[in-house]
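These notes concern the structure reproduced below.
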Protein chains: 2
Amino acid sequence: MHGKGPWWQEKFTQNCVRVTAAREVIINILHDTPDHLSASDIYMKVHVTNPDIGLTTIYRTLELLEQMRIVQKFDFGDGHARYELLNNPGGKGHHHHLICVKCKKIIDYKDFIDEEVNCLGKTQDFLSQKYNFHINDHLVSFYGFCENCKSES
Amino acid sequence: MHGKGPWWQEKFTQNCVRVTAAREVIINILHDTPDHLSASDIYMKVHVTNPDIGLTTIYRTLELLEQMRIVQKFDFGDGHARYELLNNPGGKGHHHHLICVKCKKIIDYKDFIDEEVNCLGKTQDFLSQKYNFHINDHLVSFYGFCENCKSES
DNA sequence: GGATTATTGAAAATGGTTTTCATTACTACA
DNA sequence: TGTAGTAATGAAAACCATTTTCAATAATCC
């Protein structure tokens with residue numbers, strides 16, 4: 001906006017955190033890729049262009065980014081945590097989830113998202129005040145059986 | 001209601017699953033205890049009265065109960081999956097979550113739950129049809145920094 | 001430059017969860 | 001009642017995502 005570099009850089013300097021190649025690459029991949037990347041997903045993508053970056057660094061960076069509120073960590077219960085950019089200007093946009101408890105398939109949906117987000121916004125305002133939280137994101141997931149799995153059981 | 005035994009027993013017979021002492025004890029504990037029990041929480045409680053029941057059985061039973069839609073598994077990202085009864089007549093009731101991403105504190109809230117659930121119900125109906133899912137539960141969590149943690153960062 | 005501090009990779013450790021396997025308990029059926 | 005077949009179980013081992021350790025390297029501050 002002011003030609004000073006990526007939007008997240010000020011968060012780094014604010015927190016006295018250095019902008020390194022590894023961190024830049026990881027953020028770029030999160031920015032360019034559809035959602036739900038796990039740490040090893042990211043590792044494999046990073047590895048193509050930067051084979052010198054280890055998995056440990058991926059984990060450390062993701063935790064750092066989570067603390068700085070650049071990234072949101074989610075856990076859908078399939079054994080891998082997933083990460084997505086919180087404040088992604090060019091990204092896919094906000095969505096909710098529909099999860100099959102049997103085959104673990106995850107569907108992202110955006111239908112009704114406006115109505116939902118509107119309603120959740122009111123809740124968020126209320127909760128922020130009542131519990132004195134600084135809320136910056138939410139997760140909405142529906143659980144059930146998908147087309148295939150519901151006929152089997 | 002009809003004096004035939006607990007509400008979940010028919011689900012067992014429907015699925016040709018035997019009602020064993022271990023399963024009964026686990027369900028009772030889930031019924032009698034406030035939410036968010038992890039597998040090892042349950043194990044420790046079970047161990048008091050039934051020291052012969054192993055942790056493996058706890059995990060196996062919980063997975064079974066999840067498949068039978070008696071229990072819902074949640075993962076808040078703190079390293080332990082949590083379980084709660086889906087259709088708990090005498091239980092604490094439905095609630096949503098407010099989670100601190102820094103200290104991992106989880107607050108259950110029921111404020112605004114009616115408005116939220118009403119709104120989510122419409123979404124659920126829509127999604128069920130569009131994606132041909134059999135939806136039986138949802139998870140709503142707000143993420144942010146709690147009173148203590150937001151002043152530190 | 002030189003000291004301090006942050007960052008990193010490899011390997012090892014951790015710890016929740018799952019699998020294996022041999023044993024036991026239940027059920028169906030004669 | 002036996003007896004076969006199947007389900008359920010515990011203990012130990014395996015699994016695997018994530019964290020920690022530790023020694024080496026890179027950036028920053030004077």
Side-chain angles (χ1 to χ4, degrees), chain A residues 5 8-9 11-27 36-68 70-83 101-104, chain B residues 8-9 11-27 36-47 49-68 70-83 101-104:
Chain A
W8 41 262
Q9 278 200 359
K11 298 211 177 197
F12 276 65
T13 52
Q14 268 172 24
N15 290 280
C16 302
V17 166
R18 295 178 189 162
V19 178
T20 65
R23 290 168 180 172
E24 217 156 355
V25 171
I26 291 170
I27 290 179
H36 304 153
L37 290 182
S38 69
S40 62
D41 288 340
I42 295 168
Y43 173 72
M44 287 185 294
K45 283 177 178 293
V46 166
H47 199 75
V48 174
T49 55
N50 301 61
D52 48 328
I53 295 176
L55 184 55
T56 310
T57 299
I58 306 288
Y59 277 107
R60 270 192 290 234
T61 301
L62 288 170
E63 192 189 343
L64 187 73
L65 295 177
E66 191 193 358
Q67 296 292 334
M68 290 196 292
I70 291 171
V71 146
Q72 176 74 47
K73 177 183 182 182
F74 292 121
D75 204 317
F76 297 111
D78 64 343
H80 320 263
R82 313 293 183 124
Y83 301 84
V101 299
K102 187 148 186 190
C103 71
K104 310 292 183 188
Chain B
W8 41 263
Q9 277 200 359
K11 298 212 178 197
F12 276 63
T13 52
Q14 267 172 24
N15 290 280
C16 300
V17 166
R18 294 177 189 164
V19 178
T20 66
R23 292 168 180 174
E24 216 156 355
V25 172
I26 290 170
I27 291 179
H36 305 153
L37 290 182
S38 69
S40 62
D41 288 340
I42 295 168
Y43 173 71
M44 287 186 292
K45 283 177 179 292
V46 166
H47 199 75
T49 55
N50 300 62
D52 48 326
I53 295 177
L55 185 55
T56 310
T57 299
I58 307 288
Y59 277 107
R60 270 193 289 233
T61 301
L62 288 170
E63 192 189 344
L64 187 72
L65 295 177
E66 192 193 359
Q67 297 290 333
M68 288 197 293
I70 291 170
V71 147
Q72 176 73 47
K73 178 183 183 182
F74 292 121
D75 204 318
F76 296 111
D78 64 342
H80 320 262
R82 314 294 184 122
Y83 302 84
V101 299
K102 187 148 187 190
C103 71
K104 311 292 184 188

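First the proteins, then the strands, lettered A, B, ... as listed; each starts at 1. All figures in this text were calculated on a predicted structure; none of them were measured in a lab. Values below: every heavy atom of this structure, side chains too, minus hydrogens, waters and symmetry copies.
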Note to self: Between R23(B) and V17(B), does the side chain to side chain contact (heavy atoms under 4.5 Å, CB included) criterion hold? Intermediate values first, please.
What the structure shows: CA-CA 10 Å; R23(B) 292 168 180 174; V17(B) 166; 3.2 Å; yes
Show each protein N/O and nucleotides 2-6 of chain C N/O combination with a separation under 3.5 Å, one pair to a line.
from: dA6(C); atom 1: O4'; to: R18(A); atom 2: NH1; distance (Å): 3.2
from: dA6(C); atom 1: O4'; to: R18(A); atom 2: NH2; distance (Å): 3.0

[atom1] of [X] versus [atom2] of [N]: gap in Å, rounded?
X	N	atom1	atom2	value
I42(B)	dG16(C)	CD1	P	14 Å
D41(B)	dG15(C)	CG	C1'	15 Å
N50(A)	dT8(C)	CG	C1'	13 Å
I26(B)	dT9(D)	CD1	C1'	12 Å
D78(A)	dT18(C)	CG	P	12 Å
M68(B)	dA8(D)	CE	C1'	13 Å
F76(B)	dG16(C)	CZ	C1'	17 Å
I53(B)	dT9(D)	CD1	P	8 Å

Notebook entry, point to check: Say you draw a straight line from OG1 of T61(A) to CD1 of I70(A); how long is it, rounded to the nearest 0.5 Å?
Noted result: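 Rounded to the nearest 0.5 Å, the OG1-CD1 separation comes to 11.0 Å.
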Note to self: Once rounded to the nearest 0.5 Å, what's the spacing between atom CG of L37(A) and atom CD1 of I58(A)?
What the structure shows: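 Spacing of CG (L37(A)) from CD1 (I58(A)) equals 11.0 Å.
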Note to self: Contact between T20(A) and F12(A) at the side-chain level, heavy atoms closer than 4.5 Å - yes or no?
What the structure shows: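 Side chain of T20(A) against side chain of F12(A), heavy atoms only: no contact under 4.5 Å found.
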Using residues 39-49 of chain A as the side-chain source, report each donor-acceptor pair under 3.5 Å to any protein atom, sequence neighbours left out, with the distance given to one decimal.
from: D41(A); atom 1: OD1; to: S38(A); atom 2: OG; distance (Å): 3.4
from: D41(A); atom 1: OD2; to: S38(A); atom 2: N; distance (Å): 3.0
from: D41(A); atom 1: OD2; to: S38(A); atom 2: OG; distance (Å): 3.1
from: T49(A); atom 1: OG1; to: V46(A); atom 2: O; distance (Å): 3.4

Note to self: Given W8(A), which partner from the list L65(A), V71(A), I27(A) fulfils the side chain to side chain contact (heavy atoms under 4.5 Å, CB included) test?
What the structure shows: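 Looking at L65(A), V71(A), I27(A), the match for W8(A) under the side chain to side chain contact (heavy atoms under 4.5 Å, CB included) is I27(A).
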Item checked: Residue pair E63(B), Y83(B): steps toward the side chain to side chain contact (heavy atoms under 4.5 Å, CB included) verdict -> CA-CA 10 Å; E63(B) 192 189 344; Y83(B) 302 84; over 6 Å; no
Item checked: Residue list, ring-ring contact (aromatic ring centres under 6.0 Å, His included) with H80(B), at least two apart or on another chain ->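 Counting only residues at least two positions away or on another chain, H80(B) forms no ring-ring contact (aromatic ring centres under 6.0 Å, His included).
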Next item on the list: Look at the side-chain N and O atoms of T20(B) and state whether any lies under 4.0 Å from the OP1 or OP2 oxygen of dT9(D).
Entry: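 It does, given that an N or O in the side chain of T20(B) lies less than 4.0 Å from OP1 or OP2 of dT9(D).
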Check: Applying salt bridge (charged side-chain N to carboxylate O under 4.0 Å, His left out), which residue pairs with at least one partner in residues 70-83 of chain A are found, sequence neighbours left out?
Finding: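 Listed once each, the pairs are D78(A)-R82(A).
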Notebook entry, point to check: Could you write nucleotides 13-25 of chain D as a row of B, S and -, 5' to 3', where a protein heavy atom under 4.0 Å of any base atom gives B, of only sugar-phosphate atoms gives S, and otherwise -?
Noted result: ----SSBBB----
